[in-house]
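Quick note: residue numbers are just sequence positions, from 1. For ligands, and for the atoms within them, numbers begin at 1 and follow the listed sequence. It should be emphasised that the depicted structure is a prediction, and the values quoted were computed from it without experimental measurement.
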Amino acid sequence: MKNENSTTHRQVAVVGAGITGPLLSLCLVKLGFEVDLYEAYTRRAQDVGSFLNLAPNGRAVLENLGLADRILGQGTAADSISFANHKGRELAQNPERTTNIMRGELSGALREAATGMGVRLHTAKRLAALEMTGGSRWRIGFEDGTQAEAGIVLGCDGVHSATRGLLFPDAPRASYTGVVGSGGRSEIDALELPVDGRFHMTFGLRGFFGYQVISPGVVWWFENHQETHERSFAELAQIDDAEWVALLADRHRPDPAVIRRILSASTGPVGRWPVYEVPPLETWHREGAAVLGDAAHAVAPHLGAGAALGMEDAYELALALHEHPTAPQAFTVFEQSRRDRVAAMAKQARQTGAMMTPDRWITRVIRDLMLPMAMKQGVRKGAEAYSYRPSPWPVQIS
Ligand SMILES: Cc1cc2nc3c(=O)[nH]c(=O)nc-3n(C[C@H](O)[C@H](O)[C@H](O)COP(=O)(O)OP(=O)(O)OC[C@H]3O[C@@H](n4cnc5c(N)ncnc54)[C@H](O)[C@@H]3O)c2cc1C
């Protein structure tokens, strides 16, 4: 059924212009909604963060919208993902084609596509308050003291979502996963480390390391390791880049030498961050407002699935709002259709994480014994995770 909402209910405020927010805004505008997209920061999206690996299910969403080549052209394809243990022995290969792309480039390209379709993007608008007005509209308050109104509010404001906190004050907060991640870029002679189209992953003894030679002489890499004591983003940022890279090189001393070679050739800033996840929420919506993407269900990053899951959410929620006469009905249907998938991915991410960054020697020994079989199973499960196919788009894509 086509949406019969009043004009008021076709006015949507989307909070957060990371990945889920711009894509959701774009889908909604294509379906005839009027969308304001509010983002806390003023900096260019392109200037933010490290790279991420976008799985085929994320690409499938963009393909359905006719945007895959335009958006993912900013990244580099990985023809396969290979997994090795700390001795460099290959354990498994995932033959799926994925895309490595700077998170900021992805976000920036999505923002550009959204504003090109008519989405109104407002930067330096950090959500601080949310209340219902008499006419069942939302009044949205920002940190700078300004206000806006909308019929529907959709929180895509990430793992520490203010929307989630305001809608569900009793909901659990994001919790630290015990993992610190970092990522950077290195320059190494192309003869020494040639472009091979592969995303290489190593289960090191004391941390997990991944890299791809993106173009001749340029390597993108990331590292995850266990740190029981939680350090804030600000604390980690205080450490000098060279010191951080030296610490990582030391941590990976027992692992294949290529890891230390890549770290020693690191150029430019090295991003680093404590990793959080959102414990399962009782519900993702309240009246005419909902949370999605990381704001609703940030999963540990070990599967490289969060961005693609947020894209699936954005696409399916836009369709549900188009199909159902009221926002709460659409939210209910959306949640029912998404919960099992998200829970399965969260479980798989936790299991993979336990293998990647074991904190005790005994866990490490068991992991190394189990790894070959677990990896084969993991690749099979990965294929299941990638197998999501977006619902058909109901209108002609312009
Ligand atoms: C270490 C690490 C590695 C990862 N690797 C991968 C990977 O390889 N592949 C993958 O698919 N995923 C990966 N992820 C997960 C992925 O980054 C997230 O799932 C994805 O970014 C979620 O998108 P989002 O738009 O929901 O949230 P975000 O990308 O976090 O965007 C939220 C946006 O909201 C804005 N915002 C926040 N608060 C407010 C507010 N109060 N008011 C207004 N705006 C606000 C923020 O500035 C931001 O722009 C990784 C995550 C981590 C931590």
Side-chain angles (χ1 to χ4, degrees), residues 13-25 36-45 47-59 75 78 81 98-104 106-108 110-111 121-130 140-144 148 153-166 174 176-177 179-183 199 201 208 210 212 220 222-225 233 271-278 291-314 342 345-346 349 353 356 385-386:
V14 174
V15 182
I19 292 162
T20 311
L23 187 64
L24 172 66
S25 305
D36 288 281
L37 172 59
Y38 298 100
E39 166 57 42
Y41 291 98
T42 47
R43 66 188 174 206
R44 287 183 342 131
D47 296 336
V48 182
S50 176
F51 74 96
L52 58 77
N53 182 256
L54 192 73
N57 42 315
R59 168 176 272 277
I81 306 177
T98 57
T99 305
N100 280 321
I101 183 166
M102 293 302 286
R103 183 191 165 281
L106 177 59
S107 174
L110 289 169
R111 282 186 196 183
L121 172 66
H122 311 266
T123 55
K125 293 290 170 198
R126 180 176 289 277
L127 175 76
L130 204 50
I140 307 157
F142 299 101
E143 215 174 62
D144 64 3
V153 173
L154 301 172
C156 305
D157 44 351
V159 64
H160 301 293
S161 169
T163 316
R164 185 179 69 236
L166 292 164
Y176 175 55
T177 57
V179 173
V180 169
S182 45
F199 196 16
M201 310 279 200
F208 188 81
Q212 184 176 356
W220 286 359
F222 77 92
E223 201 271 353
N224 287 336
H225 65 261
F233 191 85
R272 69 211 78 141
W273 44 83
V275 177
Y276 296 87
E277 63 184 348
V278 174
V291 286
L292 61 158
D294 268 16
H297 50 65
V299 300
H302 313 300
L303 278 187
L309 270 185
M311 287 180 164
E312 291 179 11
D313 274 4
V342 167
M345 299 288 266
M356 277 177 171
Y386 295 163

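No part of Ala298 comes within 4.0 Å of ligand 1, judged by heavy-atom distances. Proximity of Trp273 to ligand 1, defined as any heavy-atom pair under 4.0 Å, is confined to the side chain (atoms from C-beta onward). Using a 4.0 Å cut-off between heavy atoms, Ala307 contacts ligand 1 through both its backbone and its side chain. Residue-level proximity to ligand 1 for Ala17 is carried by the backbone, the only part with a heavy atom below 4.0 angstrom. Only the backbone of Cys156 comes within 4.0 Å of ligand 1, judged by heavy-atom distances. With a 4.0 Å cut-off on non-hydrogen atoms, Ile19 touches ligand 1 through its backbone as well as its side chain.
Considering Asn53, Asn57, Asp313 only, the shortest heavy-atom separation from atom 8 (O) of ligand 1 involves Asn53. Across Lys125, Arg126, Glu39, heavy-atom proximity to atom 49 (O) of ligand 1 is greatest for Glu39. Comparing heavy-atom distances from atom 45 (C) of ligand 1 across Gly210, Ala40, Gly183 singles out Ala40 as nearest. For atom 41 (N) of ligand 1, the choice among Leu309, Leu127, Thr177 with the nearest heavy atom turns out to be Leu127.
A pairwise comparison of heavy atoms in Gly155 and Thr163 identifies CA-OG1, 3.5 Å as the closest pair.
Protein heavy atom nearest atom 30 (O) of ligand 1, with residue, atom name and distance: Gly158 CA, 3.6 Å.
Close to ligand 1: Gly16, with a non-hydrogen atom less than 4.0 angstrom away.
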